[in-house]
Amino acid sequence: MTAKEWLTSFAAVLGVDAPSDEQISDLLRLAGEAAHASERIAAPVACWLTARAGLSPAEALAVLEKWRKEGRQ
């Protein structure tokens, strides 16, 4: 089973739409940014925080960029 197939199946079980290719790309970028700026554990937790905040992956990346520009990270 491919990652895309697994994600589509898991999304169906959760009752939500599967992420688009763009959303997956943004999530992987967000996870990478979190892992490289901190510890590896920050990657999945940053994605979870994004969902808890009700943000899209692209919106979370914009928040991250603003946070960086403000010198908080």
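Quick note: residue numbers are just sequence positions, from 1.
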For residues 51-66, the side chain to side chain donor-acceptor pair (under 3.5 Å) pairs (sequence neighbours left out) are Ser56-Glu59
Members sharing Leu55's hydrophobic cluster, built from side-chain contacts under 4.5 Å between Ile, Leu, Val, Met, Phe, Trp and Tyr, are Val63
Check for me, please, whether Val45 and Leu27 land in the same ILVMFWY cluster - side-chain distances under 4.5 Å, paths through other members count. no
(request) Mark yes when over 12 heavy atoms from residues, nucleotides or ligands other than Leu14 sit less than 6.0 Å from its CG; otherwise mark no. (result) yes
Minimal heavy-atom distance between Cys47 and Ala31, with the atoms involved, is SG-CB, 4.1 Å
Output, in order, the C-alpha distance, side-chain angles, deciding distance and verdict of side-chain contact (heavy atoms from CB on, under 4.5 Å) for Ser20 and Gln23. CA-CA 5 Å; Ser20 68; Gln23 290 169 321; 3.3 Å; yes
| said: Any side-chain to backbone donor/acceptor pair from Glu5 onto Thr2? Under 3.5 Å, distance only. | reply: yes
*Taking a hydrophobic cluster as the set of Ile, Leu, Val, Met, Phe, Trp and Tyr residues connected by side-chain heavy atoms closer than 4.5 Å, whether directly or through intermediates, do Trp6 and Leu28 fall within one such cluster?*
yes
Nearest heavy-atom contact between Thr50 and Ala60 is OG1-CB, 3.4 Å
Worksheet item: According to a 4.5 Å side-chain heavy-atom criterion applied to Ile, Leu, Val, Met, Phe, Trp and Tyr, with indirect links allowed, do Trp48 and Phe10 form part of one hydrophobic cluster?
Response: no
Find out if a path of hydrophobic residues (ILVMFWY) with successive side-chain heavy-atom gaps under 4.5 Å connects Met1 to Leu7.
yes
Correct closest heavy-atom pair for Leu30 and Ala46 would be CD2-O, 4.1 Å
The side-chain hydrogen bond (donor to acceptor under 3.5 Å, both in side chains) partners of Asp21 (sequence neighbours excluded) come to Lys4
Q) According to a 4.5 Å side-chain heavy-atom criterion applied to Ile, Leu, Val, Met, Phe, Trp and Tyr, with indirect links allowed, do Leu64 and Leu49 form part of one hydrophobic cluster? A) no
